[in-house]
Peer 1: 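Take a look at the following structure, please.
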Amino acid sequence: MSDIKVTHLHKNYGSVEVLKDINLDIRSGEFVIFVGPSGCGKSTLLRCISGLESITSGILEIDGRVMNRIPASRRGIAMVFQSYALYPHMSVRENMAYSMKLRRAPRAEIAAHVAEAARKLQLEPYLDRYPRELSGGQRQRVAIGRAIVRNPKVFLFDEPLSNLDAALRVATRLEIARLKADLPETTMIYVTHDQVEAMTLADRIVVLNAGRVEQMGTPVELYEQPQSLFVARFIGSPQMNLIGGDIAAALGAHTIGIRPEDMTLGAGPHEGKVTHIEYLGADTFVYIEDHPPHLLTIRLAGQPAPAVGETIRFDFNADKAHKFGADGQRLP
Ligand code: ADP
Ligand code: MG
């Protein structure tokens, strides 16, 4: 059990308000991801929950207990950062055992916990190596293992994959998905600015914008029902197409949003010029410019693409249009 409840949380640095009226209800065992652009307050919110940072006003509860004044070490939380910060002079085994050793846990218990964490993270072959003898992905797994042996109720991750190259990120992302399945009781909060990580790992995503919660929902809810232009732009790759002017007005909106997969090429009332083509194998993204100028993206699957410079006709599925008002909020 480890529900996390945040009520009217504010965080100021001097006179600057970095977090503004944050309200969250995270269920025990849930995997929640904070996403948002750099500087929007993701790390600060995580640090307020962990106790590494004080809360200016509002309430943080874990399992119904107010945590505002409980020190970080007594919150039952483990945190994994972007930089792994392993002890370089200790082996993988010693790194993972260290926190239990400090607590003077019995040797047999330490060995059992380390063995279990190593199994979960597939680190068994590396237990006697030193950090310098490991790849970046392996080091990050050791950092996660070091947190697991403490048997935390709550696991906090702050951009744990952002120092890894693309292939390792995917592999380590899969490890984290497996870890989540292996620890169904442990509540996890994970910060990233990568929306693919958010979409693939989260039970629920919290989109932060300039210190406020813009929207909280499942990946499907955020993708299919973005409540604002901000979320519409942030979730989905390539970005949702945003169209204003007469086309939007005809549907009673200031701006409409159409996903690249809801656009069709070759026929229809609209005309544009192909500016760029990205061939990715299974998908081809065709970038076109229409009048008045919008840069639009159309996703084709397995169809022959037009050529750059060609003028083409296109259409979109109006049933799939997301409608937004002049204030950037979703219209009913
Ligand atoms: P994110 O993790 O989303 O990139 P942060 O939570 O690190 O964002 O930062 C949010 C805002 O708070 C930024 O504008 C940052 O400059 C500011 N900030 C973070 N830490 C401090 C600090 N210790 N003192 C003053 N301002 C800070
Ligand atoms: Mg950060």
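Indexing begins at 1, ligand by ligand and atom by atom, following the structure's order. Just so it is clear, the values below take in all heavy atoms, side chains as well, and ignore hydrogens, waters and symmetry mates.
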Peer 1: In the complex you have, is atom 16 (O) of ligand 1 within reach of the protein, judged by whether a heavy-atom distance drops under 4.0 Å?
Peer 2: no
Peer 1: Any nitrogen or oxygen of Val18 lying under 3.5 Å from a nitrogen or oxygen in ligand 1? Just yes or no.
Peer 2: no
Peer 1: So which protein heavy atom does atom 25 (C) of ligand 1 come closest to, and at what separation?
Peer 2: Tyr13 CG, 3.4 Å
Peer 1: With distance as the sole test, does Lys120 use its side chain to make a donor-acceptor pair with the main-chain N or O of Asp182 at under 3.5 Å?
Peer 2: no
Peer 1: Rounded to the nearest 0.5 Å, how far does CG of Leu161 lie from CZ of Arg169?
Peer 2: 6.0 Å
Peer 1: Under the 3.5 angstrom rule, does the side chain of Arg75 hit a backbone N or O of Ile49 as a donor-acceptor pair?
Peer 2: yes
Peer 1: For Asp246, I'd like to know if atom CG has over 12 heavy atoms of other residues, nucleotides or ligands within 6.0 Å.
Peer 2: no
Peer 1: How does Thr44 reach ligand 1, if at all, at less than 4.0 Å between non-hydrogen atoms: by side chain, backbone, both, or neither?
Peer 2: both
Peer 1: Just go through Gly36, Gly39, Ser38 and tell me whose heavy atom is the nearest to atom 10 (C) of ligand 1.
Peer 2: Gly39
Peer 1: Would you mind checking which non-hydrogen protein atom is closest to atom 7 (O) of ligand 1, with the distance to 0.1 Å?
Peer 2: Ser43 CB, 3.8 Å
Peer 1: Between Ser43 and the Mg ion (ligand 2), is there a contact where an N/O/S atom of the residue lies under 2.8 Å from the metal?
Peer 2: yes
Peer 1: Please indicate, with yes or no, if any protein heavy atom is found under 4.0 Å from atom 13 (C) of ligand 1?
Peer 2: yes
Peer 1: Using a 3.5 Å distance criterion without hydrogens, assess whether the side chain of Asn68 forms a donor-acceptor pair with backbone atoms of Gly58.
Peer 2: yes
Peer 1: With distance as the sole test, does Asn317 use its side chain to make a donor-acceptor pair with the main-chain N or O of Asp262 at under 3.5 Å?
Peer 2: no
